[in-house]
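To start, the structure under review is shown below, and the notes come after it.
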Amino acid sequence: YSPAPPKVSKAISFSVEANTKVGRGGRTGAGKSSLITAFYRFVEAESGTIDIDGVDIAKIPLKSLRRSINSIPQNPTLFDGTIRSNLDPNDEFDDREIFRSMLKVNLIDQREFDMAINRESRSFSDYSTPKNFNVFNNLGNQVGENGSNFSQGQRQLLCLARSLLRARKILLIDEATASIDYDCDAKIQKTIRENLCDTTVLTIAHRLASVIDYDKIMLMDDGEIKEYNEPYLLLVDENSMFHQFCKKSGEWDSLFRLAKESYEARNS
């Protein structure tokens, strides 16, 4: 409530090439989430511009801007309704497309996908026991308020499926894997690698392993960008902040190996 509060972001300048995956890290309060706020223009920039394909987003109508960007927040947003209404609230897609998005994020498997889109040949006895029943095989099944009848991981996977369905060119992820287990995190990262090749992804990272194979890593501190480079190049620099973070993580060997393999694959 101060009449002249300190700036959250200071003299930030960077560019991201199309279809690049950027992981952002830094301590709490470093300014990571403020970039997402700025992208959506929840807060207007006091100075400077954010350009997408050479267009200043301040000149784009808010509705058009926000419809052109997908996001997965730390706390997934789901509504009281059906699985279909949560994934496709504007009724734009057919069943096959919706089930396909859930297949990509492993909410259903290939067998369940085949049965779901061929219901006339479906044997409901296959789902007669709790062991085999999957609530996601029916788009009419209910979603409780805020997804209360699903686990945190399932809620995040539903949000990711919704993003895949809408197929926007920019995806912003705000520590979406911070509160889920490693297995679900691995599913999310696998989906990003395999299905978002034509999407620019900016991820606020909670786990270093989630973004170690990204194209770039951005480290922020006190509202400023301190480092911005390929993960492997930051790791081989013993003076870099990212090198120090990875050393302290207890996962140095695996992080270094993954970063090196990704670097060599991109530059081969």
Side-chain angles (χ1 to χ4, degrees), residues 33 36 40 42 63 66-168 170-192 194-196 199 201 203-204 206 210:
S33 296
I36 291 180
Y40 275 101
F42 293 132
K63 185 176 181 179
R66 292 171 181 173
R67 282 182 60 86
S68 68
I69 301 173
N70 273 336
S71 67
I72 303 177
Q74 184 171 356
N75 297 310
T77 303
L78 296 173
F79 306 97
D80 186 7
T82 64
I83 291 174
R84 168 182 275 284
S85 67
N86 270 273
L87 293 180
D88 183 23
N90 297 319
D91 199 22
E92 301 174 85
F93 304 97
D94 61 29
D95 286 6
R96 177 182 290 270
E97 292 173 297
I98 296 174
F99 280 120
R100 177 69 67 183
S101 71
M102 290 198 290
L103 174 64
K104 289 178 179 178
V105 301
N106 295 295
L107 280 171
I108 59 174
D109 60 28
Q110 185 63 52
R111 172 176 168 275
E112 290 165 334
F113 172 81
D114 293 338
M115 295 183 73
I117 62 175
N118 294 286
R119 292 192 180 278
E120 66 277 4
S121 62
R122 178 176 178 172
S123 171
F124 285 92
S125 62
D126 288 336
Y127 294 98
S128 60
T129 63
K131 179 180 178 181
N132 294 325
F133 180 75
N134 183 350
V135 68
F136 299 106
N137 74 75
N138 189 332
L139 297 179
N141 285 337
Q142 289 295 305
V143 176
E145 186 175 359
N146 292 323
S148 57
N149 52 330
F150 299 136
S151 70
Q152 180 78 4
Q154 288 173 324
R155 295 198 290 270
Q156 288 293 15
L157 290 173
L158 275 171
C159 286
L160 181 56
R162 183 167 56 200
S163 293
L164 292 178
L165 196 60
R166 294 179 64 210
R168 302 298 187 249
I170 297 175
L171 173 63
L172 308 177
I173 304 176
D174 187 359
E175 292 193 298
T177 63
S179 302
I180 61 178
D181 60 38
Y182 279 91
D183 181 60
C184 190
D185 186 7
K187 289 180 181 179
I188 289 177
Q189 300 310 322
K190 183 175 184 288
T191 300
I192 290 173
E194 294 180 353
N195 298 284
L196 295 172
T199 302
V201 179
T203 299
I204 295 177
H206 176 73
S210 299

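The analysis underlying the following values was restricted to heavy atoms, covering all of them including side chains, and did not include hydrogens, waters or symmetry mates.
- Contact record, L107 with L158: CD1-CD2, 3.8 Å, taken as the closest heavy-atom pair.
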Could you walk me through whether K187 and L160 pass side chain to side chain contact (heavy atoms under 4.5 Å, CB included), step by step?
CA-CA 10 Å; K187 289 180 181 179; L160 181 56; over 6 Å; no

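- Shown here for R166 and F93, the closest heavy-atom pair between the two residues is CA-CZ, 4.4 Å.
- A distance-only check finds no donor-acceptor pair linking the side chain of E145 to the backbone of L78 [under 3.5 Å].
- We find the CD1-CD1 distance between I98 and I117 to be 12.5 Å, quoted to the nearest 0.5 Å.
- Annotation: side chain of I192 is in contact with side chain of I173 (closest heavy-atom distance under 4.5 Å).
- Counting only distance, with no hydrogens or angles, the side chain of R168 and the backbone of S163 share no donor-acceptor pair below 3.5 Å.
- Proximity of a side-chain donor or acceptor of T191 to a complementary backbone N or O of K104 within less than 3.5 Å is detected.
- Counting all heavy atoms, side chain and backbone alike, F150 lies closest to R155 at O-NH1, 2.6 Å.
- Between I170 atom CD1 and S71 atom OG the span is 11.5 Å, to the nearest 0.5 Å.
- Nearest heavy atom pair, residue Q142 against residue T82, reads NE2-CG2, 3.4 Å.
- Among all heavy-atom pairs drawn from I72 and C159, the shortest one is CG2-CB, 4.2 Å.
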Worked verdict on I204 versus I36 for side chain to side chain contact (heavy atoms under 4.5 Å, CB included)
CA-CA 9 Å; I204 295 177; I36 291 180; 4.0 Å; yes

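- For the pair N138 (side chain) and G140 (backbone), a donor-acceptor distance under 3.5 Å is present.
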Carefully, step by step, assess R66 and F42 under the rule side chain to side chain contact (heavy atoms under 4.5 Å, CB included).
CA-CA 10 Å; R66 292 171 181 173; F42 293 132; 3.6 Å; yes

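- Looking at I188 and V105, their side chains never come closer than 4.5 Å, going by heavy atoms from C-beta outward.
- Between the CD atom in E194 and the CG atom in L196 there is a gap of 10.5 Å [rounded to 0.5 Å].
- Between the side chain of N137 and the backbone N or O of E112 there is no donor-acceptor pair closer than 3.5 Å.
- Interatomic distance, CG of D88 versus CD of E97, reported as 8.5 Å (0.5 Å rounding).
- Atom CG in D94 sits 11.0 Å away from atom CZ in R100 (nearest 0.5 Å).
- The nearest pair of heavy atoms linking Q156 to P76 is NE2-CD, 3.5 Å.
- N141 contributes no side-chain N or O that, together with a main-chain N or O of N134, makes up a donor-acceptor pair within less than 3.5 Å.
- With rounding to the nearest 0.5 angstrom, the CG atom of N146 is 7.5 Å from the OG1 atom of T77.
- Ring geometry, F99 versus F113: the interplanar angle exceeds 60°, so the pair is classed perpendicular (tilted spans 30 to 60°).
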